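For reference, the structure is listed below as structure tokens.
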There are 2 protein chains.
Amino acid sequence: MTSQEPLSQKASEILGSAQSLMQDKGYNGFSFRDVAAQVGIKSASIHYHFPTKGDLAKAAVGSYREAFSKLLEDISAQNITPRSQLQKYGDIFMDTLTVKHNACLCGILASEAESLPEDVRHQVDGFFDDQRAWLSAVVEAGIKDGTFRSVIATQQYAITFLSALEGAMIIARSTQKPEILNQTTDQMIGLIDDTAD
Amino acid sequence: MTSQEPLSQKASEILGSAQSLMQDKGYNGFSFRDVAAQVGIKSASIHYHFPTKGDLAKAAVGSYREAFSKLLEDISAQNITPRSQLQKYGDIFMDTLTVKHNACLCGILASEAESLPEDVRHQVDGFFDDQRAWLSAVVEAGIKDGTFRSVIATQQYAITFLSALEGAMIIARSTQKPEILNQTTDQMIGLIDDTAD
DNA sequence: GTCTATATCTTGATAGAC
DNA sequence: GTCTATCAAGATATAGAC
């Protein structure tokens with residue numbers, strides 16, 4: 001969950017490059033040479049920082065999880081309604097899709113689960129659990145304050161909401177219709193909103 | 001949308017093998033040699049039936065779309081409620097996941113969109129449109145007969161429902177919790193059900 | 001820490017015999 | 001239609017010089 005030793009400058013660059021390459025083309029779709037070209041070193045040099053491709057991917061997901069968790073903390077720290085928090089959560093996904101032109105790293109990697117080294121997949125699964133935990137707390141708060149329908153199963157809704165966003169992101173990117181993502185987010189929120197006009 | 005000439009026996013075998021391999025490991029994760037080993041020929045022989053990997057993938061998606069459309073026709077032909085139709089739709093996904101231990105071919109391929117030949121990606125996008133069209137008609141019928149909440153945006157709900165199932169399938173498979181998929185389907189239906197007890 | 005050089009393997013694809 | 005043989009390219013990874 002937490003970082004070990006602080007990474008060197010180059011190691012961070014390599015990690016960032018690998019992360020963004022995987023968000024674009026997946027684990028099977030990027031190579032050490034791709035990373036090397038982006039960072040400006042030779043592919044053999046990467047092995048000094050990350051011995052194997054699995055090590056690199058695992059570290060990239062770990063750093064992704066940390067960065068994502070910080071974004072969630074930022075949202076939690078704001079004094080806004082649960083509904084607004086879900087909206088801001090969706091904005092993270094939308095920003096990744098439209099500004100960085102990337103998919104969710106763990107959405108991509110999970111779809112390649114059968115090709116991943118075991119410890120990489122476990123990191124990916126850890127990401128999903130991070131999201132489930134944060135989302136279910138927000139939904140719970142929304143039910144308590146009366147803005148969300150009280151009949152919904154909180155834990156399951158967290159997973160359903162996450163699934164919808166991950167799926168919509170993949171479909172939106174493939175079909176090149178980014179609006180699919182934010183419209184899906186809006187509808188998912190609308191479906192549990194008990195304060196509809 | 002329709003098949004051209006009928007495929008030879010071996011071509012069908014190759015197609016089926018490629019389809020199931022891609023449902024397991026994706027476009028970047030399967031090779032001609034994998035297919036050859038399954039079918040019992042040499043990898044060079046595949047090129048006789050499908051000149052390039054892109055041709056093979058495109059044909060596999062086309063055949064997948066056809067088979068899926070037949071399943072949808074079967075559901076439509078039954079005299080069951082819109083709610084039951086959505087449930088049966090979810091059963092298709094669940095069956096793929098738990099019996100064949102596979103993901104949705106187009107969910108996997110869409111997540112690799114940036115690695116796909118252009119015409120393969122267009123076939124994948126066509127699949128999503130097939131699903132959107134069928135699902136929206138079912139939802140429309142459910143609104144008309146009063147079982148689904150009338151406030152929902154029909155076209156968008158079709159996409160949201162599909163997104164949720166695709167996302168849940170990927171997450172369920174990676175985390176090895178297949179129940180995530182059917183619970184997500186159930187909740188998605190429950191969220192628009194207007195006849196709740 | 002990064003390099004060159006290299007080993008080893010796998011890939012998609014082609015040529016030509018049968 | 002399928003084979004053998006082969007290719008050129010790309011992959012991960014290692015050894016050892018600098």
Side-chain angles (χ1 to χ4, degrees), chain A residues 4-61 108-109 112 114-121 123, chain B residues 4-22 24-61 108-109 112-121 123:
Chain A
Q4 28 232 38
E5 317 131 44
L7 290 170
S8 72
Q9 161 88 25
K10 262 291 183 290
S12 294
E13 281 181 53
I14 291 167
L15 219 50
S17 168
Q19 178 186 314
S20 111
L21 279 165
M22 280 192 285
Q23 285 183 258
D24 191 46
K25 316 243 289 169
Y27 182 81
N28 286 325
F30 92 104
S31 75
F32 275 56
R33 282 175 171 78
D34 295 332
V35 174
Q38 282 196 352
V39 174
I41 55 177
K42 297 294 171 181
S43 79
S45 307
I46 299 174
H47 292 278
Y48 170 78
H49 301 279
F50 305 96
T52 71
K53 192 180 186 182
D55 293 326
L56 176 53
K58 183 179 153 195
V61 178
I108 293 281
L109 292 185
E112 294 180 290
E114 299 298 317
S115 305
L116 299 180
E118 200 179 14
D119 50 356
V120 177
R121 210 190 62 208
Q123 273 282 4
Chain B
Q4 30 232 38
E5 318 130 46
L7 290 170
S8 73
Q9 161 89 23
K10 262 292 184 289
S12 295
E13 282 180 52
I14 291 166
L15 220 49
S17 167
Q19 178 186 313
S20 111
L21 280 166
M22 281 192 284
D24 191 45
K25 315 244 288 171
Y27 182 81
N28 286 325
F30 92 104
S31 74
F32 274 56
R33 283 171 175 78
D34 295 332
V35 174
Q38 282 197 352
V39 175
I41 54 176
K42 296 295 171 180
S43 80
S45 307
I46 300 174
H47 292 277
Y48 170 80
H49 302 279
F50 305 96
T52 70
K53 192 180 187 183
D55 292 326
L56 176 53
K58 183 180 153 194
V61 178
I108 293 280
L109 292 185
E112 293 179 291
E114 299 298 317
S115 305
L116 299 180
E118 200 180 13
D119 50 356
V120 177
R121 211 191 60 210
Q123 274 282 4

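In what follows, chains are A, B, ... by sequence order, proteins preceding strands, each numbered from 1. Values in this document were obtained by computation on a predicted structure and should not be read as measured data.
- Separating the CD1 atom of B/I46 from the P atom of C/dT11 is a distance of 11 Å, rounded to the nearest angstrom.
- Separating the CG atom of B/N28 from the C1' atom of C/dT10 is a distance of 14 Å, rounded to the nearest angstrom.
- For the pair B/I46/B/V39, no side-chain contact is recorded, criterion being any heavy-atom separation below 4.5 Å from C-beta on.
- Annotation: salt bridge (Lys or Arg N to Asp or Glu O under 4.0 Å) contacts of A/D24 (sequence neighbours excluded): A/R173.
- No donor-acceptor pair under 3.5 Å is formed between the side chain of A/K53 and the backbone N or O of A/S31.
- Across all strands, A/S45 comes closer than 4.0 Å to base atoms (heavy-atom distances).
- Boundaries of the chain A contact region on DNA chain D are D/dA11 to D/dT14, first to last in 5' to 3' order (nucleotide atom under 4.0 Å from a heavy atom).
- Toward the 5' end of DNA chain D, the nearer of the two residues A/A44 and A/D34, judged by each one's closest nucleotide, is A/D34.
- Residue-to-nucleotide proximity on DNA chain C shows that, of A/K42 and B/S43, the 5′-proximal contact is made by A/K42.
- Protein atom NE2 of A/H47 is 13 Å distant from nucleotide atom C1' of C/dT6, rounded to whole Å.
- Using a 4.0 Å heavy-atom cutoff across all strands shown, B/Y48 reaches at least one base atom of the nucleic acid.
- Look at CZ on B/F30: it is 11 Å from C1' on C/dG12, rounded to the nearest Å.
- A distance-only check finds a donor-acceptor pair linking the side chain of A/E112 to the backbone of A/N28 [under 3.5 Å].
- The side chain to side chain donor-acceptor pair (under 3.5 Å) analysis of residues 37-50 of chain B, with sequence neighbours excluded, yields the pairs B/S17-B/Q38.
- Rounded to a whole Å, the OH atom of B/Y27 is 12 Å from the C1' atom of C/dT11.
- Per the geometry, CZ belonging to B/R33 stands 7 Å off P belonging to C/dG12, to the nearest Å.
- Side-chain contact between B/V35 and B/F50 is absent, with no heavy atoms from C-beta onward closer than 4.5 Å.
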